[in-house]
Amino acid sequence: MKKVFKIIGITLLTILLLLIAIPFVFQSKIKEIVKRTINENLNAHVEFSDVNLSFIRSFPQAQVSVSDLLITNFEPFKDETLASAKSISLDMSIKELFKKANEGPIVVNEIYLDEALITLKTNKRGETNFDIFKDTEDQPETAQDSSKGFTLDVKDYAIDNSALTYLDESSNMAFYITELNHSGKGTFSGEVSQLDTKTSARVSLKIDSTEYLSNNDIKLDALIGLDLANNKYAFKENKAYINQLPLEFQGYVQLLEEGQEIDISFENPGSDFRDFLAVIPKTYSKNLDQVETTGNFKIKGIIKGTMTEETIPSLDINMVSNNAGFKYPDLPKRVEDISINASVINTTGNADDTYVDLQTLNFKIDQDVFKSSAVIKNLTTNMTVDANVDGVLNLANLSKAYPIDLDTDLTGILTAKLAASFDMDAIENNAYQRIKSNGNLNIRGFKYASEDLVNPIVISEAAIVFNPGTIKLNKFDASTGKSDITANGTINNLLGFVFSDKKLEGEFQVNSNAFYLSDFMKETASNTKNNEEQTSKTTETFKIPAFLDCKINADAKTVYYDNLTLSNVKGNLYVKDEKAVLRNMSSDIFKGKLLLDGYVDTATTTPTFMMNLDMNQFDISQSFNDLELLQSLAPIASALQGKLNSTIALSGNLGSDFTPDLNSINGNAFAEVQTTEIKPKNEALVSALNNALSFVDFSKLDLKDLKTNLTFENGMVNIKPFNIKYQDINITINGSHSFTNTMDYKAVFQVPAKYLGSDINRLIGKIDDEAVNNLSIPVTANITGIFNSPNVKTDLTSGVANLTKQLIEIEKQKLINKGKDQILELLGGVNNPSTNTNTPKDSTNNTKPTSNPIKNVLDDIIKGNSSKPKDSTNNTKPKSVKDLFNESINKSKKTDSIK
């Protein structure tokens, strides 16, 4: 017995080793078969990571699995993905693996598909991306024999965790099946057989801008009769679920050359109103087990006819409920007196003739009764709507009677009595003459809050009157935060805004007693990681609503923005594409008047702006202290007292707090100062100038009617040269500074000689001429550093050179005026020495010319000679003009101070 068991064990081990080893031997053969089958059948690019063969998993069958399959299209859908799958497994007889190309098709018994994603497309020209099978008529006969496809003798098949998308550009339709799980058992080899299937999925359907199904749960357990000879598939025993609504089907679908013949009827097996709630997606209807319902509900439908490219089956689907009601166990309110009568009908087979007839949709909550009806036609082309609404609805009762998930509770009483007739093309193209509406809509005590709003909006009352061609907002009283708003006006396309996601167009008059911009600027927290530590930053953002396309005539008594208070704000505001354009805006601020035009654009990630500002009679001190922009343009101006007139043109980016990013702005400005007083307020710059230039009292500068031009670009402010005056000293200033207050300025002071002290006055007194009274020298002050810590340096070099030139010129002109002969005499007879009888000569005839008087005068100034001759032994170094000038300035602090 031991020998027998040993032989059996060795045999089994050998068989097991063969089952494991053979797949490796035939691995290349399997890949060749898969590639051959694909190339012979498909016009597409196919890739897969691997093909595996196993005799263990499905013994005695062989299992072939293809991993990471990817199929992409050729033109006209080049490189677009048609299908992908994580894995495809095929179970088949081992002999099928060794068939040659001319031995007929391969028979596959079982198929398993995992995580497949299939995208089917039809473009506007009618071309499809799924028409990838080769035309066998153009292939050689041998190829035709080998490419007739798979003969399926299916015992079991499954599709797990898969999805299907169908997009039709010609009809603007999108159909999605997600979370698809489908399995079936049966056989396809006989001409008449049956297939037992189980299917679950989520389905969405959108045509144009209308969503008919939205992620609805679909389940179908069906026994399907197969008449393969006639391509006819009949529903035998089956039950389907749409969301939680059970439906039973009867009938068949038969494939024809021109399309499909359909004859199907269905209905819900019961008649409880609970079935109506089951139509609503479970996400919204919640658990129905404990819901109390009264009344009935029945849905029946017949779909019968031929589906071709030109026709659809006739439709007669009806949904009826009478005297129904429901109450959720954990909610206080009950909905009752529900009446529903709705039908979907098509009697012609033409898709355009399909229409929805909502004859009745009525309900009651407490004492509020709401009634409505509508007829919707031309569903696939230019949809037309005739609707009527009449009722009162307390919005707060909605969440008390039905489990609606809201971020905030709704409040308010809605009263509507409205009849409307329109077509979608009229709405899309603003053909208002085809939009008929009559009635009114009123809401009181409405409160709305959202994540996008800083504060809830409370509408105390809003009244809209509908007339043919026009919709008027007769009244709108609202508040948010500390702001109040009242408005009235005309709305051009309210229906387009409601039904077609179009922008809200109109013209409105908006008034406010107090408008706080902070009520519309949302604070958001963003986390940034620095050195592996999380820090929280708070920023303010503001977005102009994208749905607005309107003109607003604004009139606000007071507007509060940051630390600014604007009074009597009036002007026109045009809002479109997340941009606000301001025209003829005016406001009282800083005890003066502000006029502005420009725009603010929030459509981009970084908001931008452009503004032209006209400031009239601004209080300088207040405006420069409170307005950051003016502080940056002229920081020193905060020390001035008086009035300012200015025009500023600028553009740039807005920061997260909705104020200008100073480093981004470009523009120019003109300023006119009307002031009589300077109050330095311990300004570091004024102190530094006083220390460096003691002959000027900067608190007494004459700035009246000062005018200057500025330009700013790339974070720099450039000031063109302008003149101011201190008593009889003219001062010219120009230069630039950055918005970070780094300065580079030059101030040139034209200082009269009489301010240079007694020594200089005695020196220039040697020239007996009135012209010396007008002598002045330029003193240059170079101002650098920052405004809080300035550096002031004076340059006297040019002043000394200028004074020398002026003295020479005065003496030269004085000598020239004495006449030619006298000049010749003074110059030592240079021009005609023989005629100069007054010039003494020595015995050797070596005449020494008389010294140049201009040179003598300058020598006196340079050497410091007085009227008394100095000792020849005096070795004192002569003083320069610069030395004397510095001495005179130092003495002037004590003796000759400027009055």
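Heavy-atom basis, side chains included; hydrogens, waters and symmetry copies ignored.
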Verdict with reasoning, K475 to E461, per salt bridge (charged side-chain N to carboxylate O under 4.0 Å, His left out): CA-CA 7 Å; K475 189 173 185 180; E461 183 178 3; 3.1 Å; yes
Less than 3.5 Å apart, any donor N or O on the side chain of [X] or [Y] sitting next to an acceptor on the other?
X: N394; Y: D368; value: no
X: N362; Y: S339; value: no
X: D423; Y: N382; value: yes
X: D519; Y: S483; value: yes

Check: F515 and D484 side chains under 4.5 Å, non-hydrogen atoms: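 The answer is no, as the side chains (C-beta and beyond) never meet within the 4.5 Å cut-off.
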Atom [atom1] of [X] with >12 non-hydrogen neighbours under 6.0 angstrom:
X: K447; atom1: NZ; answer: no
X: K557; atom1: NZ; answer: no
X: K576; atom1: NZ; answer: no
X: R444; atom1: CZ; answer: no

Parallel, tilted or perpendicular: ring planes of Y328 versus Y402, cut at 30 and 60 degrees: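 Judged by the thresholds at 30° and 60°, the geometry between Y328 and Y402 is perpendicular.
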If you take all heavy atoms of [X] and [Y], which pair is closest and at what distance?
X: K327; Y: R334; result: CB-NH1, 3.7 Å
X: L596; Y: L594; result: CD2-CD2, 3.8 Å
X: E578; Y: D601; result: O-OD1, 3.7 Å
X: I648; Y: M615; result: CD1-CE, 3.5 Å
X: S646; Y: F670; result: OG-O, 2.9 Å

Exam field: side chain [X] to backbone [Y], donor-acceptor pair closer than 3.5 Å:
X: Q509; Y: A487; result: no
X: S460; Y: G445; result: no
X: S373; Y: L358; result: no
X: S372; Y: N388; result: no
X: S343; Y: I345; result: no
X: T480; Y: P456; result: yes
X: N645; Y: Q617; result: yes

Step-by-step side-chain hydrogen bond (donor to acceptor under 3.5 Å, both in side chains) determination, T354 to N346: CA-CA 5 Å; T354 303; N346 184 292; 2.8 Å; yes
Spacing of S664 atom OG and L650 atom CG [to the nearest 0.5 Å]: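 CG of L650 is found 9.5 Å from OG of S664.
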Stepwise side-chain hydrogen bond (donor to acceptor under 3.5 Å, both in side chains) test for D477 and T486: CA-CA 5 Å; D477 293 338; T486 62; 5.0 Å; no
Aromatic ring proximity, centroids under 6.0 angstrom, F609 and Y599: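 Centroid separation for Y599 and F609: 6.0 Å or greater.
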Carboxylate-amine/guanidinium proximity below 4.0 Å for K371 and D390: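 The answer is no: the pair does not qualify as a salt bridge.
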